[in-house]
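We name chains A, B, ... by the order of the sequence lines, and we start the count at 1 in each one. This is a predicted model, so every value here is computed, not measured.
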Amino acid sequence: MRQAPRPNIRWSSIALLGIVAVLLTVWQHRAESKRVTSLPERIIVAMGRPLQFVFTTVSRWPRDLALGLVQARQIVQENESLRQQLAQKQAQVTQSIQYYLENKALLESLGLPPQRSQAAVPARVIGLDIGPRRCRAIVQLPKSGLAAEGDIVTQNQGLVGRVLKVQGRTAEVMLLIDSLSAVAGRDSRSRDEDLGMGIVYPQGGFSSPAIRLKMEKLRPLADLREGDLVTTSGLDAVYPPSLPIGTIERVVRSPANAESVTAIIKPAVDFFRLEYVYVTGQN
Amino acid sequence: MIWYYLGEFVAMLVLAALELSWAPWLKLGGAVAPKLVLVAVVLVGLFRGPLEGAWSGMAGALCVAALGALPMGGLFVAYMGCGIFLGILGQTIFPNRLLLLMLTVFLAVLVAGIVGLIFAPPPVFGSWLGHLFLEALYSAVLTVPLVWLARLVLPVPAPPLPVTMPAGPPL
């Protein structure tokens with residue numbers, strides 16, 4: 001009879017790795033407290049972001065190909081319609097330039113300073129992390145684009161979130177459905193601004209069709225109806241006013257507490273299908 | 001040897017980038033992506049041993065935390081813990097059965113999720129639980145191609161000797 005050899009485990013090396021892990025964690029916490037990213041994280045991000053960009057691009061090919069094959073005729077029709085829309089938009093742009101030049105000339109003749117508007121930078125979503133706790137997106141800006149912490153992220157449909165952290169040409173965006181997100185909102189139909197105002201939070205839930213927001217801190221007499229558009233009120237000094245958040249799906253009035261009114265909102269943006277967004281500077 | 005560890009780090013980086021940019025049309029319910037890095041940690045631990053498991057756990061947790069902008073502490077505990085524990089287990093149970101590997105991955109994702117729960121509790125417990133279960137299931141399914149890949153890349157150690165050996169022929 002012979003006993004099997006005992007497994008040879010190098011505990012000292014494992015302990016050393018454990019110490020390195022603790023040091024890395026402490027480094028990250030210290031960097032977080034100074035609102036910066038630690039050096040190891042920066043190195044990994046510099047190496048990993050190009051990979052994420054490649055994976056995101058490649059993963060879209062099969063879907064686009066399949067869609068192209070299935071909906072070929074529809075795409076041709078859409079393409080024709082888009083060409084017409086493009087021609088109309090180009091005409092509108094030409095007209096807008098004329099208006100702009102007229103406006104500029106008028107301002108100059110009146111001796112007023114020229115108005116400056118914030119340009120929205122288009123950015124590509126290269127990473128999407130939607131879970132029950134954290135809902136973040138990683139966006140990559142074009143070479144000419146710059147983003148800063150606190151910048152607003154939108155889509156044509158409405159508000160997406162805001163930039164939390166910027167590293168080079170990539171930015172981490174906290175989505176509206178993140179558990180830490182809160183936006184001052186208002187019912188755009190409500191005439192009394194005070195009555196239609198509230199705070200919009202994520203409702204919880206993670207599956208695509210069920211994702212909802214909720215507007216709380218509403219007055220009991222608030223005139224809210226299903227289908228009303230909820231926009232940002234701008235009172236939080238984080239988001240500018242009048243950006244669409246979503247539409248009211250239903251209004252819940254607690255039978256136990258007449259003071260408690262909650263509006264369940266269907267977000268204007270499909271957070272699970274984010275591909276391109278606009279990043280707009282705050283300052 | 002250093003090339004092995006470096007290669008493992010690069011593999012973890014690639015898997016973390018893939019996990020965090022998982023195509024939306026491949027996600028379950030549009031939201032659930034598999035834990036590819038954790039699957040790789042489990043496989044390295046089982047096939048290679050506790051030290052390699054710990055290293056892959058550390059590298060994987062670091063890459064996921066950096067690319068996903070997540071806190072490192074809980075990830076290190078979960079991933080390195082899985083790597084070390086399964087490394088020890090892999091030396092006593094030869095990891096040759098696919099179903100067993102899938103079950104191990106399923107349990108590892110659940111355990112890692114529970115460790116994450118301790119470090120950062122979710123706002124809605126029911127939703128978190130459903131999400132975690134689907135994540136574990138999806139990861140277990142994706143173990144099959146990853147095992148195939150791991151067997152190609154990682155030199156699988158020979159099966160351990162049986163506990164008892166028959167005595168030699170009578171003289």
**W22(B) portion near chain A, given a 4.5 angstrom heavy-atom threshold** = neither
**Request:** Name the option with the most non-hydrogen atom pairs under 4.5 Å to chain B; the candidates are R63(A), R10(A), R60(A), Q167(A).
**Result:** R63(A)
**Request:** Measure distances from I126(A) to the heavy atoms of chain B and classify the residue's part below 4.5 Å as side chain, backbone, both or neither.
**Result:** backbone
**Message:** Please classify the contact of F9(B) with chain A as side chain, backbone, both or neither, using a heavy-atom distance under 4.5 Å.
**Reply:** side chain
**For chain A, the option from L75(B), L13(B), I84(B) that forms the most heavy-atom pairs under 4.5 Å** = L13(B)
**Request:** Can you tell which part of L62(B) gets under 4.5 Å to a heavy atom of chain A, answering side chain, backbone, both or neither?
**Result:** both
**Message:** A quick test of your reading: do over 12 heavy atoms of other residues, nucleotides or ligands sit less than 6.0 Å from CZ of R250(A)?
**Reply:** no
**Item:** Residue, of K165(A), E32(A), R136(A), R49(A), that accumulates the most heavy atom pairs under 4.5 Å with chain B
**Value:** R49(A)
**Item:** Interface moiety of Q52(A) toward chain B, non-hydrogen atoms closer than 4.5 Å
**Value:** both
**Item:** Check: Y138(B) ring centre within less than 6.0 Å of F133(B) ring centre
**Value:** no
**Asked** So, D236(A) side chain and Y239(A) main chain: donor-acceptor pair closer than 3.5 Å or not?
**Response** yes
**Prompt:** Which one of V54(A), T170(A), L274(A), L128(A) has the most heavy-atom pairs closer than 4.5 Å to chain B?
**Reply:** L128(A)
**Request:** For residues F55(A) and V14(B), determine if any side-chain heavy atom of one lies less than 4.5 Å from a side-chain heavy atom of the other.
**Result:** yes
**With R162(A), the side chain to side chain contact (heavy atoms under 4.5 Å, CB included) member among D151(A), V173(A), V238(A), V183(A)** = V238(A)
**Region of V77(B) that comes under 4.5 Å of a non-hydrogen atom in chain A** = neither
**Asked** Distance-only, no hydrogens or angles: does the E149(A) side chain make a donor-acceptor pair with backbone N or O of V163(A) under 3.5 Å?
**Response** no
**R48(B) side chain near Y4(B) side chain, heavy-atom distance below 4.5 Å** = yes
**Asked** Taking the side chain from R42(A) and the backbone from T37(A), do they hold a donor-acceptor pair closer than 3.5 Å?
**Response** yes
**Request:** With a 4.5 Å cut-off on heavy-atom pairs, point out which of P40(A), G18(A), A21(A) contacts chain B the most.
**Result:** A21(A)
